[in-house]
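First the structure, in the form of structure tokens, and then the observations on it.
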Amino acid sequence: MREFETNVQELKCDVLEAVARLAWEDKFQTGMLDIAEQIIPGPEAKMRCCIYKERAIINDRVKVAMGGDKTNPCMVEVLPVACDECPVTEITVGPACRGCIATRCVHSCPKDAITVVNRRATIDHTKCIACGKCIAACPYGAIDRNVRPCEKGCPVNAISMGEDKKATIDPSKCISCGSCTNQCPFGAIMDKSFIVDAIQMLRGADRWGYHIYAVLAPSIAGQFAPASLGQVVAGLKQLGFYDVLEVALGADLVADHESDELVEKGMLASSCCPAFVEYIEKHAPAALPLVSATPSPMVMIAKHIKERDPKAKVVFFGPCVAKKKEFHLGKTMGMVDCALTFEELYPLFLSKNIDIEKLEPAEMDNASGYGRSFAASGGVAAAVKQALKEKESDFEVKAVPCSGINECKVALLKATKGILDGNFIEGMACEGGCVMGPSNLMRRAKNKADVTAHAKESKKDIKGAIEASK
């Protein structure tokens with residue numbers, strides 16, 4: 001059993017494994033109601049006030065693990081029963097308050113919400129509008145703004161506190177970046193899973209004559225350590241996948257296409273990160289003409305597979321919640337049949353009792369090092385430059401790599417105003433790139449080094465990788 005970074009991640013794995021086992025055995029009707037009791041046997045609670053609440057949370061997690069609320073367009077869902085531990089009052093007075101006679105906080109409040117009682121500032125929250133003027137006015141810094149971790153972590157302000165004091169996600173703002181799933185310390189936000197769909201595809205492959213392919217995002221390097229990537233590939237074949245390919249080959253194809261598109265248009269924003277593209281669609285529509293028409297690497301590798309195998313169905317595995325949204329919205333043009341994360345791949349192995357560390361490694365060598373480097377910030381731009389170099393083009397790429405939505409905002413604003421010092425915006429919603437995606441098994445600085453080492457193992461250039469795949 002692997003060591004998890006948080007108890008929330010371990011709990012998610014337990015639920016996904018239990019759901020997956022039932023899916024393999026086709027025993028949902030008889031077994032689904034037993035999952036909560038299996039995971040929380042009792043008699044004493046370990047995380048919440050009682051085992052009954054813990055089991056209620058598990059039941060909600062099971063629903064999301066089975067696809068969640070079909071009427072909710074967001075790819076992440078709030079579990080209301082789990083969302084009740086955060087502060088509900090935004091502005092609070094802390095112990096540093098001295099009850100001073102200047103009472104700048106009182107005088108600064110536009111709603112007369114602050115009074116001094118027993119030489120201590122007191123806030124009437126029925127009047128407070130959380131404007132923050134009292135925070136700025138207090139000479140002791142005794143007044144604090146309590147921002148819930150999910151709200152603080154959302155780069156587009158899509159999360160707020162509803163009337164019921166629970167977190168609420170605005171689908172018109174949400175870009176499916178998945179940041180909130182990591183930020184909530186109580187695991188009250190979870191991404192929808194299509195693990196059951198993937199298992200049903202694998203179970204029906206022989207009956208319906210399908211070839212189910214797994215495609216792995218390059219950020220998988222090091223994620224299943226101490227197991228090697230070759231052992232992960234072998235494990236996927238034991239699960240029933242017909243073959244396993246690198247999404248990095250799709251990245252090579254993207255670099256080849258986007259390099260031509262950049263020369264043609266003169267200015268381009270990459271389309272590789274679906275959360276970045278959704279950010280533009282919802283929050284910066286003026287920049288939409290800049291977005292590359294080239295599909296994402298996930299779509300490109302799936303298209304490549306299906307052009308060569310009419311019986312193919314493709315399941316993507318990556319670190320990304322937004323890739324699920326890209327698939328769910330139909331933006332994959334029917335090329336991708338299911339999208340899962342590394343957090344879902346591990347319980348898939350557990351559900352079939354596959355110990356990948358004991359397997360003989362299988363080979364997977366489809367892509368160039370440049371394609372594999374797409375996983376880290378700056379990798380897309382470097383690959384586009386390399387593609388032009390291999391074509392002996394004299395076009396000068398002035399790349400603007402953007403690590404995180406805040407950097408993307410600035411670059412897009414400058415581009416729409418015509419003041420950006422660059423002609424290629426590489427937008428990545430996750431700071432650091434896919435190597436720090438929300439659904440990685442491990443989110444750490446070493447991830448980039450693992451991907452870099454994996455990239456160096458390839459002896460192909462972009463053109464060579466594409467030619468070898470034909």
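Just so it is clear, the values below take in all heavy atoms, side chains as well, and ignore hydrogens, waters and symmetry mates.
- Contact between M66 and V19 at its shortest, heavy atoms only, is CG-CG1, 4.0 Å.
- Ion pairing between E25 and R21 fails under the 4.0 Å rule for side-chain N and carboxylate O.
- In this structure, L236 and L345 have side chains that are in contact, with non-hydrogen atoms separated by less than 4.5 Å.
- Side-chain contact check for R203 versus D26: some heavy-atom pair is nearer than 4.5 Å.
- Looking at residues two or more places apart in sequence or on another chain, you find a side chain to side chain contact (heavy atoms under 4.5 Å, CB included) between E357 and P226, A227, D355.
- For the pairing with D450, the side-chain contact (heavy atoms from CB on, under 4.5 Å) check across K448, K446, H454 returns one residue only, K446.
- E426 places a side-chain N or O within donor-acceptor distance of the main-chain N or O of G378, the cut-off being under 3.5 Å.
- Listed by chain and residue number, F241 satisfy the ring pair (Phe, Tyr, Trp, His ring centres under 6.0 Å) test with F317 (two or more places apart in sequence, or in another chain).
- The main-chain N or O of L239 is never found under 3.5 Å from a side-chain atom of K352 such that the two would form a donor-acceptor pair.
- The two residues N423 and G266 make their nearest non-hydrogen contact at CB-O, 3.3 Å.
- Across all non-hydrogen atoms, the minimal contact from M428 to A376 is CE-O, 3.9 Å.
- To the nearest 0.5 angstrom, L202 atom CG is 11.5 Å from K313 atom NZ.
- Residues satisfying the side-chain hydrogen bond (donor to acceptor under 3.5 Å, both in side chains) test with E281, not counting sequence neighbours, are K331.
- At least one side-chain heavy atom of K173 sits less than 4.5 Å from a side-chain heavy atom of H283.
- Distance check: M335 CE to F327 CZ gives 13.5 Å after rounding to the nearest 0.5 Å.
- The residues K265 and E261 are annotated as salt-bridged, a charged nitrogen and a carboxylate oxygen being separated by less than 4.0 angstrom.
- We find the CG-CG distance between L413 and L420 to be 10.0 Å, quoted to the nearest 0.5 Å.
- Between K414 and I425, the closest side-chain pair of non-hydrogen atoms is not below 4.5 Å.
- Separating the CG atom in N447 from the OG1 atom in T452 is a distance of 10.5 Å, to the nearest 0.5 Å.
- Checked by atom type and distance alone, the side chain of H257 pairs as donor or acceptor with a backbone atom of L253 at under 3.5 Å.
- Residues K409 and Y279 meet the side-chain proximity criterion, which asks for heavy atoms closer than 4.5 Å.
- No more than 12 heavy atoms of other residues, nucleotides or ligands sit less than 6.0 Å from atom CG of D206.
- Note that CD1 of I39 and CD1 of I58 are 4.5 Å apart. Values are rounded to the nearest 0.5 Å.
- Under a 4.0 Å N-O distance rule, the pair D365/K459 does not qualify as a salt bridge.
- Enclosure of atom CD in E90 by more than 12 non-hydrogen atoms of other residues, nucleotides or ligands within 6.0 angstrom is indicated.
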message: Please evaluate residues T341 and E344 with respect to the criterion side-chain contact (heavy atoms from CB on, under 4.5 Å), reporting the C-alpha separation (whole Å), side-chain torsions for both, the decisive distance (0.1 Å), and the verdict.
response: CA-CA 5 Å; T341 65; E344 291 161 306; 3.0 Å; yes

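- When all heavy atoms of P73 and P171 are compared, the closest pair comes out as CG-CB, 3.6 Å.
- In this structure a side-chain-to-backbone donor-acceptor pair under 3.5 Å is missing from S439 to F342.
- A salt bridge (Lys or Arg N to Asp or Glu O under 4.0 Å) check over residues 391-400, counting only residues at least two apart or in different chains, returns the pairs D256-K391, D260-K391, K398-D421.
- Using a 4.5 Å heavy-atom threshold, the side chains of S176 and V76 count as separate.
- Atom OG in S351 sits 6.5 Å away from atom CD1 in I195 (nearest 0.5 Å).
- Note on K282 versus D170: no salt bridge recorded, every NZ/NE/NH1/NH2 to OD/OE distance being 4.0 Å or above.
- Within the 3.5 Å criterion, the main-chain N or O of L359 finds a donor-acceptor partner in the side chain of Q231.
- The number of heavy-atom neighbours closer than 6.0 Å to CG of N72, taken from other residues, nucleotides and ligands shown, is above 12.
- Residue pairs meeting the salt bridge (Lys or Arg N to Asp or Glu O under 4.0 Å) criterion with at least one member in residues 68-82, sequence neighbours excluded, are E77-K192.
- Taking every heavy atom of both residues into account, I189 and V78 meet most closely at CG1-CG2, 4.2 Å.
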| said: The test is side-chain contact (heavy atoms from CB on, under 4.5 Å); show your working for I301 and I305 and say whether it passes. | reply: CA-CA 6 Å; I301 186 61; I305 291 169; 4.2 Å; yes

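- In this structure, E307 places its CD atom where more than 12 heavy-atom neighbours from other residues, nucleotides or ligands lie under 6.0 Å away.
- Between S270 and F424, some side-chain heavy-atom pair lies under the 4.5 Å cut-off.
- Between D337 and F194 the shortest side-chain heavy-atom distance does not fall below 4.5 Å.
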Please list every donor-acceptor pair under 3.5 Å in which a side-chain atom of residues 146-163 meets a protein atom from a residue at least two apart or in another chain.
from	atom 1	to	atom 2	distance (Å)
N146	ND2	T89	O	3.2
N146	ND2	T92	OG1	3.2
R148	NH1	K165	O	3.1
R148	NH2	K165	O	2.6

Apply side-chain contact (heavy atoms from CB on, under 4.5 Å) to residues V15 and K12 and explain how you reach the verdict. CA-CA 5 Å; V15 170; K12 181 178 183 179; 6.0 Å; no

Steps toward side-chain contact (heavy atoms from CB on, under 4.5 Å) verdict (M267, L262) | CA-CA 6 Å; M267 169 75 83; L262 176 58; 5.7 Å; no

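- Ion pairing between E246 and R372 holds under the 4.0 Å rule for side-chain N and carboxylate O.
- The minimum heavy-atom distance linking T181 with D191 is given by the pair CG2-N, 4.0 Å.
- Although no hydrogens or angles enter the test, the distance criterion places no donor-acceptor pair under 3.5 Å between the side chain of R443 and the main chain of N182.
- The neighbour count for K463 NZ, taken as heavy atoms of other residues, nucleotides or ligands under 6.0 Å away, does not exceed 12.
- Although no hydrogens or angles enter the test, the distance criterion places no donor-acceptor pair under 3.5 Å between the side chain of S259 and the main chain of L388.
- Remark: the backbone N or O of G371 is paired with a side-chain donor or acceptor of D252 at under 3.5 angstrom.
- Under the 30°/60° scheme for interplanar angles, the aromatic rings of Y242 and Y213 are found to stand perpendicular.
- The local environment of NZ in K27 is sparse, with at most 12 non-hydrogen atoms from other residues, nucleotides or ligands closer than 6.0 Å.
- Atom CZ of R308 has more than 12 neighbouring heavy atoms from other residues, nucleotides or ligands inside a 6.0 Å radius.
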